[in-house]
Structure formats: C-alpha cells, structure tokens
Amino acid sequence: VSTQSTGEQQSKMANASDQYAEGVINDPLVETGWALKAAHHSEVYASLLKAVPDPSKLKLTRVDDELYTSFREAFPSLPLSPLSEEDLKSEDSKAKWRPLLMLFQNKIEDFNFATLMRLDCTKPCDQHNSIIVPRVQFYLIEVARNREGLNSRK
C-alpha cells in the first residue's frame, strides 16, 4: 500500500513524463501524417454540416446525449461561438476541461487525438479560425453547437 498522497504520485508521474519528453524528437513524417488526417477530418465535418438540412438532429457519436448534458453541466454559460484560445487552453480553463474530457476516455475512439476546430462557427476552418483540441473536446463543443442551432444555416 502506498503512503504517498495522490498529489505526490501525480507530481512524480509528471516529472517522469517530462524526463521522457526531453528525449523525444518530433518526426516530421508523423507530424505531416497528423496534419493530413486533421485536415481531412475538418473537411469531412464541414461537408457533413453542408449536406444535412438540420444539424441539430445530427448524431456525431453514440454518446451525443451524454456529451451535451455533461458539457452544459460543466459549462452552463460558455458561449459556443466565437470561442477564444483562453476559453480552451489557459491554465484555469484546462483545469476545468480536464475532468470533463477524461469522462469520455473509454467512450470516444481516439478521444485525445489532435483535431482542428473552428473558433467561430459562422466562418470556415482556416489558419485564422481554427485551434487544435483533443477529439473529445471537439465533439463536446460541436454537439452543443448543433443542438443549440449554431451550425444551422440561416
């Protein structure tokens, strides 16, 4: 039985992770592969939104209801568009997002795969209107945008 507190254990794990990361070299082929896959996912999603008459009825995962309910319980007043990098990646927001994202670790395939997401859902995904988020965060936000009518054509 460990006598270390959870905080001590987490600190040791973070230090080990940092030491491992120092020896890792980014492989340009892996980065190119990721970029192609992320761009393809973004294009497919944009096409899907254009193809369906009512995105509020669109089902992105088998757990959309749970995604939406959990998202709005955690972030009842977060405006969904435009989002800012601060809303998603500041230290404070990461601390709020992390427990929500981890709820879906075993429910969403590739839940932490880097995914491109539009900050402003009224504009296309491009270099000025996109951010890289974990796949599950993309689903949480896009399911909410769909359910709340933000992705509907005016």
Side-chain angles (χ1 to χ4, degrees), residues 6-7 9-11 13-14 17-18 21 24 26-154:
T6 302
Q9 290 172 345
Q10 288 175 338
S11 178
M13 287 172 37
S17 177
D18 288 346
V24 174
N26 289 342
D27 182 341
L29 290 176
V30 171
E31 290 181 11
T32 301
W34 165 84
L36 291 172
K37 189 171 180 179
H40 177 71
H41 179 268
S42 179
E43 290 169 6
V44 168
Y45 186 64
S47 295
L48 182 61
L49 286 177
K50 289 177 186 172
V52 297
D54 183 4
S56 70
K57 307 277 192 256
L58 190 60
K59 191 148 177 73
L60 299 180
T61 74
R62 60 183 172 73
V63 293
D64 280 12
D65 292 338
E66 187 179 353
L67 285 164
Y68 182 69
T69 301
S70 299
F71 171 73
R72 277 304 179 204
E73 284 174 0
F75 297 96
S77 59
L78 180 68
L80 293 167
S81 187
L83 289 166
S84 69
E85 188 167 346
E86 181 80 10
D87 294 328
L88 305 169
K89 295 196 174 194
S90 70
E91 287 306 313
D92 286 344
S93 56
K94 281 183 183 179
K96 291 176 189 172
W97 277 102
R98 192 171 293 111
L100 177 59
L101 302 180
M102 295 310 293
L103 286 175
F104 297 95
Q105 180 175 7
N106 297 314
K107 296 179 183 182
I108 300 290
E109 187 176 342
D110 296 329
F111 91 105
N112 65 348
F113 191 83
T115 306
L116 289 172
M117 185 181 73
R118 299 167 298 154
L119 291 167
D120 183 339
C121 68
T122 66
K123 299 176 182 174
C125 190
D126 63 23
Q127 65 183 6
H128 304 291
N129 188 41
S130 61
I131 190 165
I132 299 167
V133 297
R135 175 76 40 98
V136 67
Q137 193 171 29
F138 168 86
Y139 282 138
L140 286 158
I141 291 168
E142 289 299 329
V143 166
R145 285 174 169 175
N146 291 338
R147 297 258 172 117
E148 296 178 16
L150 294 170
N151 281 330
S152 297
R153 284 171 267 164
K154 309 291 184 238

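Remark: Lys89 engages no residue in a salt bridge (Lys or Arg N to Asp or Glu O under 4.0 Å) (not counting sequence neighbours). For Asn112, the side chain to side chain donor-acceptor pair (under 3.5 Å) test picks out no residue, with sequence neighbours left out. Listed by chain and number, the residues in a side chain to side chain donor-acceptor pair (under 3.5 Å) with Ser70 amount to none (sequence neighbours excluded). In this view, Thr69 satisfies the side chain to side chain donor-acceptor pair (under 3.5 Å) rule with no residue, not counting sequence neighbours. With sequence neighbours excluded, no residue forms a side chain to side chain contact (heavy atoms under 4.5 Å, CB included) with Arg62. In this structure Glu91 satisfies the side chain to side chain contact (heavy atoms under 4.5 Å, CB included) test together with Lys94, sequence neighbours excluded.
Legend: side chain to side chain donor-acceptor pair (under 3.5 Å) pairs involving residues 71-82, not counting sequence neighbours, sorted by first then second residue: Arg72-Glu148, Ser81-Asp120. Residue pairs meeting the ring pair (Phe, Tyr, Trp, His ring centres under 6.0 Å) criterion with at least one partner in residues 43-69, sequence neighbours excluded, are Tyr45-Phe138. Under the side chain to side chain donor-acceptor pair (under 3.5 Å) criterion, the residue pairs touching residues 124-135 are Thr115-Arg135, with sequence neighbours excluded.
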Using side chain to side chain contact (heavy atoms under 4.5 Å, CB included), reason through Val143 and Thr61 one step at a time and then give a plain yes or no.
CA-CA 9 Å; Val143 166; Thr61 74; 5.5 Å; no
- request: With side chain to side chain contact (heavy atoms under 4.5 Å, CB included) as the test, would you mind laying out the steps for Ile132 and Met117 before giving the verdict?
  value: CA-CA 6 Å; Ile132 299 167; Met117 185 181 73; over 6 Å; no
### Message
Checking Ile141 against Leu78 for the side chain to side chain contact (heavy atoms under 4.5 Å, CB included) test, could you report, in this order, the C-alpha distance in whole Å, the side-chain angles of both residues, the deciding distance, and whether it holds?
### Response
CA-CA 10 Å; Ile141 291 168; Leu78 180 68; 5.7 Å; no
Mind running side chain to side chain contact (heavy atoms under 4.5 Å, CB included) on Asp64 and Leu58 for me, showing each step along the way? CA-CA 9 Å; Asp64 280 12; Leu58 190 60; over 6 Å; no
Exercise. Let me see the working for Arg147 and Asp65 under salt bridge (Lys or Arg N to Asp or Glu O under 4.0 Å), right down to the final yes or no.
Key: CA-CA 10 Å; Arg147 297 258 172 117; Asp65 292 338; 2.6 Å; yes
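Here the straight-line distance linking atom CG of Leu80 with atom CD of Glu142 works out to 9.0 Å at 0.5 Å rounding.
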Can you give the donor-acceptor pairs under 3.5 Å from side chains of residues 95-111 to other protein atoms, not counting sequence neighbours?
unit_1: Trp97; atom_1: NE1; unit_2: Asp87; atom_2: O; d: 3.0
unit_1: Lys107; atom_1: NZ; unit_2: Glu66; atom_2: OE1; d: 3.2
unit_1: Lys107; atom_1: NZ; unit_2: Glu66; atom_2: OE2; d: 2.5

Please tabulate, for side-chain N and O atoms in residues 50-57, each donor-acceptor pair with protein atoms closer than 3.5 Å (sequence neighbours left out).
unit_1: Asp54; atom_1: OD1; unit_2: Ser56; atom_2: N; d: 3.1
unit_1: Asp54; atom_1: OD1; unit_2: Ser56; atom_2: OG; d: 2.6
unit_1: Asp54; atom_1: OD2; unit_2: Ser56; atom_2: OG; d: 3.1

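For the pair Arg145/Leu83, a side-chain contact is recorded, criterion being any heavy-atom separation below 4.5 Å from C-beta on. In this structure, Ile131 and Leu116 have side chains that are not in contact, with every pair of non-hydrogen atoms separated by 4.5 Å or more. The closest side-chain heavy-atom distance from Leu60 to Leu67 is not below 4.5 Å.
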